[in-house]
Amino acid sequence: MAVAAALAVALALRNLGAPFIFDDTPSVVENLSIRSLGDWRAVFFPAPDCTVAGRPLANLSFALNYSWGGLDPSGYRLVNVLIHAANVLLIFSFGSAFLRLSSFNHVGEGADWFAAVAASFWALHPMVLGTVVYVSQRTELLMALFYLSTLGSALRSLHPASSLLRWQAAGIISCFLGTLCKEPMVTAPLVTVILDRLVLNLGWREQFRLRARFYLGLFASWIPLGLLLSGLGERSVGFGVGASPAEYALTQGRALAVYFGKFIIPSDLTFDYGPVFVPVEFSRLGWFCVPLSLVAFAVLLWRRSAGLGFLLLSALIVLSPTSSVVPVAAQPIAEDRAYLPCAFAGLAVFGLGAVLLGSSFPRRFQIFLSFALILTVGSLSHARLALFRNPEALWRDTIAKAPLNPRAVCNLGELQLAAGRLGEAERSFRQALQLNPAFNGFAATNLGVTLARAGRPAEALPFFELEAKLLPNRASVHDNLGNLLTLLGRDSEAQAAFERALAINPRFVSALNNLAGVRFRAGSTTEALALYQQALALEPSDDRLRRNLASVLLAARRPVEAVDILASAIAHPASQPDLALLGAAALLESGRATEARAAVGELLRMNDYVDI
């Protein structure tokens, strides 16, 4: 197992420096709540529309990453890899202890071997490693860490020689921490109760009498989780935000088939399935049977081998919140959600092998077969992770496998737009809108941006207005609309758009900066200064904000304050020559002509500064 774990880590480490992708942007790059560890309120309670809203421990981990290395993706992925390595050890530890239970009495001394093979297969699986290198899935990794810790502690607390209270306390603490990472942790108390039922083999009344305090502590974790779920609607979660219950049920039948099928045969893995639902048609009704069949199979398996039944049932229970109770309209199918369930499924598959083969099968053949499987999934992961190092290749691969996904086409267009390939970007955004005009507001605004950059702002405006109607609760949407209205010279309408953005997210720096500009042009200098100062307090390293604030201070004849704002640029002109030149002007206005001349002289001596 150690070799497989090391290989998994080595494969993932090759992606350390890969760019942030997709949800990494709102989770990390645009997530202002992680910029200051000292602002605990922002860290633990980010904006409701943020992808880590309601997941304070995961957001804290991102804040720690930012304090160590800013927006360098290497540090974020390194932490993900380390968490995954810990999860591999926890799976092995839990699996080894679990396979020694009475329901696996034919396994005997082979428990460690089969647990190691299961953990190794899972550790190297391409669907699993794809989750590991996807930074925003820190939530999934942390939840799995605490979920496995909860089950492991529960199992150890049943051992006669263990410290009962210590392990129960560890299980309760782990359960509480897990609820601060991701919502499916809500299922951990239920799975623990079922695990106890398997191990204790007592009646329900007697079991609850023996473990009442432990269960009370576990289920108490639902209280903070309930408080954290208040903003789910902002993340397109819940019924009424994209699909009917019947459509969602059919889609989740397909999702379960995808998760378990691609774990067994890891082919055609798809990064993003998009907001695409299975329509309610007679020919598609078979998807209803998938979850029912899996539950029936798990119950039947329990009757034949309670341990195997428990493992399959646990995998289904972990998936149950997003597959039944809490619909995720924006992303009804996501392979990342199978990260922990596939660990249970892997133990079930190899546990079945242990029951069927036991000690009767030649150990050499077992070793050969195990290594062949591990090397196979390792080679598949090597090819899969290469896509994550090239975002454009990743999105093209996604479009090839999910051609009806408008979001994938839109994300490809964003890359083309960033590269200045405006014609390709326009075609991609128009294709995305054609696939799903009612949902894909981002394609509308991106098409508008593309047209504006191509010198066609009047053509762009209807698409910005469409996006504002489709995504009325997105601060960035109204900020984009305000920017275009400013470009068109319609400042009063732009001001209203920026104010709507700030009503949604008062800490949105871009909207603060843009509204300040509008107010300054309208002659409200005092209000503009207050807005710039508020923005700079949120983003103290933003040179654009310092330039704007200093310029307004100079216009207001307050050069001394402008000098203070530009002090670091004056002291280090080589790194910020434009700000240093503005600082020289502020020095001159302050009556410090000698220092101003010295600053200008330093700029003139810089060979690379030619625009003085």
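Computed from a prediction, not measured in an experiment: that's the story for all the values here.
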If you measure from the Lys or Arg side-chain nitrogens to the Asp or Glu carboxylate oxygens, is any gap between [X] and [Y] under 4.0 Å?
X	Y	result
Lys182	Glu140	yes
Arg507	Glu539	no
Lys469	Glu465	no

Is there a donor-acceptor contact under 3.5 Å from the side chain of [X] to the main chain of [Y]?
X	Y	value
His382	Leu11	no
Asn15	Ala18	no
Thr179	Met185	no
Gln252	Pro332	yes
His125	Phe263	yes
Thr25	Ile21	no
Asn80	Val132	yes
Tyr248	Phe277	no

With a 4.5 Å heavy-atom cut-off, do [X] and [Y] have their side chains touching?
X	Y	value
His84	Leu129	yes
Gln416	Arg427	no
Leu481	Leu461	yes
Asn405	Tyr273	no
Thr445	Val477	no
Cys175	Pro189	yes
Val509	Arg544	yes
Val79	Arg138	yes

Subject >> Phe146 ring center near Phe176 ring center (under 6.0 Å) >> reply: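 Aromatic pair excluded; centres sit 6.0 Å or further apart.
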Original post:
Aromatic ring centroids of Tyr76 and Trp68 under 6.0 Å?
Top reply: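 No, the ring of Tyr76 stays outside the 6.0 Å limit from the ring of Trp68, centre to centre.
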**OP:** Could you check Leu313 against Phe310 for side chain to side chain contact (heavy atoms under 4.5 Å, CB included), going step by step and ending with a plain yes or no?
**Re:** CA-CA 5 Å; Leu313 199 59; Phe310 166 80; 5.7 Å; no
Subject >> Flag if over 12 foreign heavy atoms under 6.0 Å of CG, Leu292 >> reply: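 Enclosed.
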Between [atom1] of [X] and [atom2] of [Y], what distance do you get to the nearest 0.5 Å?
X	Y	atom1	atom2	answer
Ile317	Phe344	CD1	CZ	9.5 Å
Leu308	Leu301	CG	CG	5.0 Å
Gln137	Leu142	CD	CG	11.0 Å
Phe350	Phe121	CZ	CZ	5.5 Å
Arg55	Leu57	CZ	CG	12.5 Å
Ser33	Phe45	OG	CZ	11.5 Å

Subject >> Inter- and intrachain pairs under salt bridge (charged side-chain N to carboxylate O under 4.0 Å, His left out), touching residues 258-270, at least two apart >> reply: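 As it turns out, the salt bridge (charged side-chain N to carboxylate O under 4.0 Å, His left out) pairs with a partner in residues 258-270, which skip direct neighbours, are Lys262-Glu335.
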Subject >> Pairs flagged by salt bridge (charged side-chain N to carboxylate O under 4.0 Å, His left out) wherever residues 388-401 is involved - sequence neighbours left out >> reply: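 Qualifying pairs, neighbours excluded: Arg384-Asp397, Glu392-Arg396, Glu392-Arg421, Asp397-Lys401.
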Subject >> Phe92 and Trp122: CA distance, side-chain angles, deciding distance, ring pair (Phe, Tyr, Trp, His ring centres under 6.0 Å) verdict >> reply: CA-CA 10 Å; Phe92 168 70; Trp122 177 76; over 10 Å; no
Original post:
Can Leu180 and Phe44 be said to form a side chain to side chain contact (heavy atoms under 4.5 Å, CB included), step by step?
Top reply: CA-CA 9 Å; Leu180 304 181; Phe44 285 99; over 6 Å; no
Subject >> Working for side chain to side chain contact (heavy atoms under 4.5 Å, CB included), residues Leu316 and Phe297 >> reply: CA-CA 11 Å; Leu316 293 171; Phe297 181 64; over 6 Å; no
Subject >> Evaluation steps, side chain to side chain contact (heavy atoms under 4.5 Å, CB included), between Val409 and Phe429 >> reply: CA-CA 7 Å; Val409 180; Phe429 296 137; over 6 Å; no
Between [X] and [Y], a side-chain donor and acceptor under 3.5 Å:
X	Y	answer
Tyr147	Thr187	yes
Arg407	Asn436	no
Asn31	Asn59	yes
Ser27	Thr51	yes

Minimum heavy-atom separation for [X] and [Y], please, with both atom names.
X	Y	value
Met143	Val318	CE-CG1, 4.5 Å
Asn65	Gly75	ND2-O, 3.2 Å
Pro266	Pro126	CB-CG, 3.7 Å
Pro341	Ala315	O-CB, 3.5 Å
His478	Pro472	NE2-O, 2.9 Å
Ala460	Ala452	CB-N, 4.0 Å

Subject >> Set of residues satisfying ring pair (Phe, Tyr, Trp, His ring centres under 6.0 Å) with respect to Tyr134, sequence neighbours excluded >> reply: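 Residues passing ring pair (Phe, Tyr, Trp, His ring centres under 6.0 Å) with Tyr134: Phe271.
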**OP:** Go through Asp24 and Ser136 one step at a time and tell me if the side-chain hydrogen bond (donor to acceptor under 3.5 Å, both in side chains) criterion holds.
**Re:** CA-CA 5 Å; Asp24 295 347; Ser136 62; 3.3 Å; yes
**OP:** Mind running side-chain hydrogen bond (donor to acceptor under 3.5 Å, both in side chains) on Glu414 and Asn446 for me, showing each step along the way?
**Re:** CA-CA 7 Å; Glu414 287 182 0; Asn446 285 324; 2.9 Å; yes
